[in-house]
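Input: a single structure, listed below in structure tokens.
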2 protein chains.
Amino acid sequence: MSNDLQGFELPLRLLLGFRMLIDELHEELARQGHPEMRPMHGFVFQAIMRAGGPYGTTAADLGRALGVSKQAAGKTIDMLEGLGYVRPGHDPGDARRKTYTLTPHAYDALERSEQIFDGLRDQWAETIGEDRLRAMVEDLRKVTPSDVFRLDTPQWFNTP
Amino acid sequence: MSNDLQGFELPLRLLLGFRMLIDELHEELARQGHPEMRPMHGFVFQAIMRAGGPYGTTAADLGRALGVSKQAAGKTIDMLEGLGYVRPGHDPGDARRKTYTLTPHAYDALERSEQIFDGLRDQWAETIGEDRLRAMVEDLRKVTPSDVFRLDTPQWFNTP
DNA sequence: TAATGTAGACAAGGTCGTTGTCTACATGGT
DNA sequence: ACCATGTAGACAACGACCTTGTCTACATTA
């Protein structure tokens with residue numbers, strides 16, 4: 001390998017780096033009591049924490065945050081509810097809204113993810129150096145948008 | 001934004017960096033006569049060049065290279081043939097093999113992609129410095145696998 | 001109070017992947 | 001030379017997940 005890639009190498013390495021981290025995260029999460037979590041779910045949890053109002057997030061909120069239809073977001077929520085990661089509530093100020101909030105089980109997954117990511121970060125720092133890793137993140141911040149959550153990424157690979 | 005991300009930031013920035021580059025690539029490719037190309041196709045082209053034998057690549061070859069079934073790979077090839085990016089041939093040494101090779105139109109897309117990526121790379125270098133960009137790629141090489149092509153990435157987001 | 005907009009439920013359909021089956025051809029051991 | 005085994009490709013059924021469209025209940029604003 002590593003032949004006539006040139007300009008292709010930068011994007012490819014970025015994707016590979018991402019996939020490695022996420023794959024190792026989920027291997028470890030599976031060992032720690034979260035075998036059903038999918039790569040997508042981490043993003044969904046973040047979106048549920050951010051997108052909704054004070055009483056939680058609705059399917060419509062989530063759909064907008066993730067760039068998918070409210071129906072698709074609703075199905076994701078159904079699955080997460082089945083897995084025990086979200087639970088339904090309601091908004092006392094608006095009888096239409098069927099809100100969802102993260103359960104302790106979801107927060108457990110988030111905390112463990114945080115720790116696992118920290119461990120992986122340390123591994124990278126050992127390999128390339130703490131200063132270089134810090135520089136990488138800093139540089140990436142400069143060339144990527146700050147409004148972060150727009151995750152229609154799965155099918156995005158197959159768009160026009 | 002940029003609040004309680006911590007360990008999440010590294011993978012997130014890697015993904016965002018990847019998406020930015022690929023999105024800008026395809027915007028520009030669309031302007032340059034390739035509006036039907038999808039993010040996935042670049043990987044498929046690479047795989048078609050690498051995976052097959054001297055007479056071209058079969059659907060089964062492509063499926064193995066991409067980590068999908070031969071049927072799925074076959075459908076992708078059908079689409080690419082419809083778009084004029086691959087054309088069928090045959091392997092004189094094996095009558096079963098229905099091979100495909102890239103057309104000049106596909107090579108045109110690859111050359112333009114190369115140029116566009118170079119331009120984007122230059123933009124990044126202006127923002128963060130040529131040396132820092134070089135360091136980033138170098139460092140990513142150290143922490144990512146060298147056998148690069150395994151692109152079942154789309155649905156990968158939604159695996160167990 | 002009436003017009004307009006949004007949440008959620010339900011249904012139909014599309015895209016793209018999967019597995020399973022069948023036939024034609026290749027290959028390697030006997 | 002022959003036969004068992006394996007693989008390529010065509011065809012079909014099916015499943016996961018997304019979409020659009022429609023309908024009703026509730027909110028909001030003129």
Side-chain angles (χ1 to χ4, degrees), chain A residues 36-41 43-44 47-48 51-83 86-101 150-160, chain B residues 36-41 43-44 47-48 51-83 86-101 150-160:
Chain A
E36 303 289 353
M37 273 199 68
R38 303 180 181 190
M40 193 63 191
H41 292 166
F43 296 104
V44 175
I48 288 177
Y55 297 100
T57 301
T58 67
D61 294 334
L62 183 61
R64 278 188 294 269
L66 262 50
V68 298
S69 65
K70 61 184 181 180
Q71 290 87 340
K75 291 180 186 178
T76 301
I77 286 180
D78 288 346
M79 162 177 289
L80 289 177
E81 186 180 3
L83 294 173
V86 302
R87 94 185 123 207
H90 60 282
D91 184 334
D94 187 338
R96 291 170 307 171
R97 291 172 60 83
K98 187 168 169 190
T99 61
Y100 289 88
T101 52
R150 171 118 206 137
L151 262 304
D152 51 331
T153 304
Q155 333 73 293
W156 165 84
F157 276 90
N158 285 314
T159 44
Chain B
E36 302 290 353
M37 272 198 70
R38 303 180 182 190
M40 193 63 191
H41 292 165
F43 296 105
V44 176
I48 288 176
Y55 297 99
T57 301
T58 67
D61 294 335
L62 183 62
R64 277 189 295 271
L66 263 49
V68 298
S69 66
K70 61 183 181 178
Q71 291 86 341
K75 291 180 190 179
T76 301
I77 286 180
D78 288 346
M79 162 176 290
L80 289 177
E81 188 180 2
L83 294 174
V86 302
R87 94 185 123 207
H90 60 282
D91 183 334
D94 188 338
R96 291 170 307 173
R97 290 171 62 82
K98 187 169 169 188
T99 61
Y100 288 88
T101 52
R150 172 116 206 139
L151 262 302
D152 51 333
T153 304
Q155 330 75 294
W156 165 83
F157 276 89
N158 284 313
T159 45

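Since this is a predicted model, take the numbers as computed values, not measurements. For the numbers below, each heavy atom of this structure counts, side chains included, while hydrogens, waters and symmetry mates do not. The chains referred to below are lettered A, B, ... by the order of the sequence lines, with proteins before strands, and numbering in each begins at 1.
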Among the candidates C/dG17, D/dC17, D/dG9, find the nucleotide nearest to the side-chain atoms of B/Thr58. D/dG9
Closest of D/dA8, C/dA7, D/dC17 to the A/Arg38 side chain is D/dC17
Do side-chain atoms of B/Thr99 reach the backbone of B/Gly89 as a donor and acceptor pair under 3.5 angstrom? yes
Rounded to whole Å, please give me the gap between CG in A/Asp91 and C1' in D/dA25. 15 Å
Polar pairs (N or O, both sides) under 3.5 Å between protein and nucleotides 19-22 of chain C?
{"residue": "C/dG20", "atom": "O6", "partner": "B/Gln71", "partner atom": "NE2", "Å": "2.6"}

With sequence neighbours left out, the residues meeting salt bridge (Lys or Arg N to Asp or Glu O under 4.0 Å) with A/Arg96 are A/Asp94
Identify, between B/Arg97 and A/Thr76, the residue whose nearest nucleotide on DNA chain D lies closer to the 5' end. B/Arg97
Filter on side chain to side chain donor-acceptor pair (under 3.5 Å), then keep only pairs touching residues 53-63 of chain B, sequence neighbours left out; what's left? B/Thr58-B/Asp61, B/Asp61-B/Arg64, B/Asp61-B/Arg97
Of all the choices, C/dT18, D/dC18, C/dA7, which nucleotide is nearest to the side chain of A/Arg64 once you look at every atom? C/dA7
From CD1 of B/Ile77 across to P of C/dG17 the rounded distance in Å is 12 Å
Distance-only criterion, 3.5 Å: show the donor-acceptor pairs between side-chain atoms of residues 66-82 of chain A and protein atoms not counting sequence neighbours.
{"residue": "A/Ser69", "atom": "OG", "partner": "A/Ala72", "partner atom": "N", "Å": "3.2"}
{"residue": "A/Thr76", "atom": "OG1", "partner": "A/Ala72", "partner atom": "O", "Å": "3.3"}

Send over the distance from A/Leu66 CG to D/dC18 C1', rounded to a whole Å. 13 Å
For nucleotides 27-30 of chain D, give me every protein contact, N/O to N/O, under 3.5 Å, one pair per line with atom names.
{"residue": "D/dA27", "atom": "OP1", "partner": "A/Ala95", "partner atom": "N", "Å": "3.0"}
{"residue": "D/dA27", "atom": "O4'", "partner": "A/Arg96", "partner atom": "NH2", "Å": "3.3"}

Quick one: which of D/dA8, D/dC17, D/dA10 gets closest to the side chain of B/Lys98? D/dA10
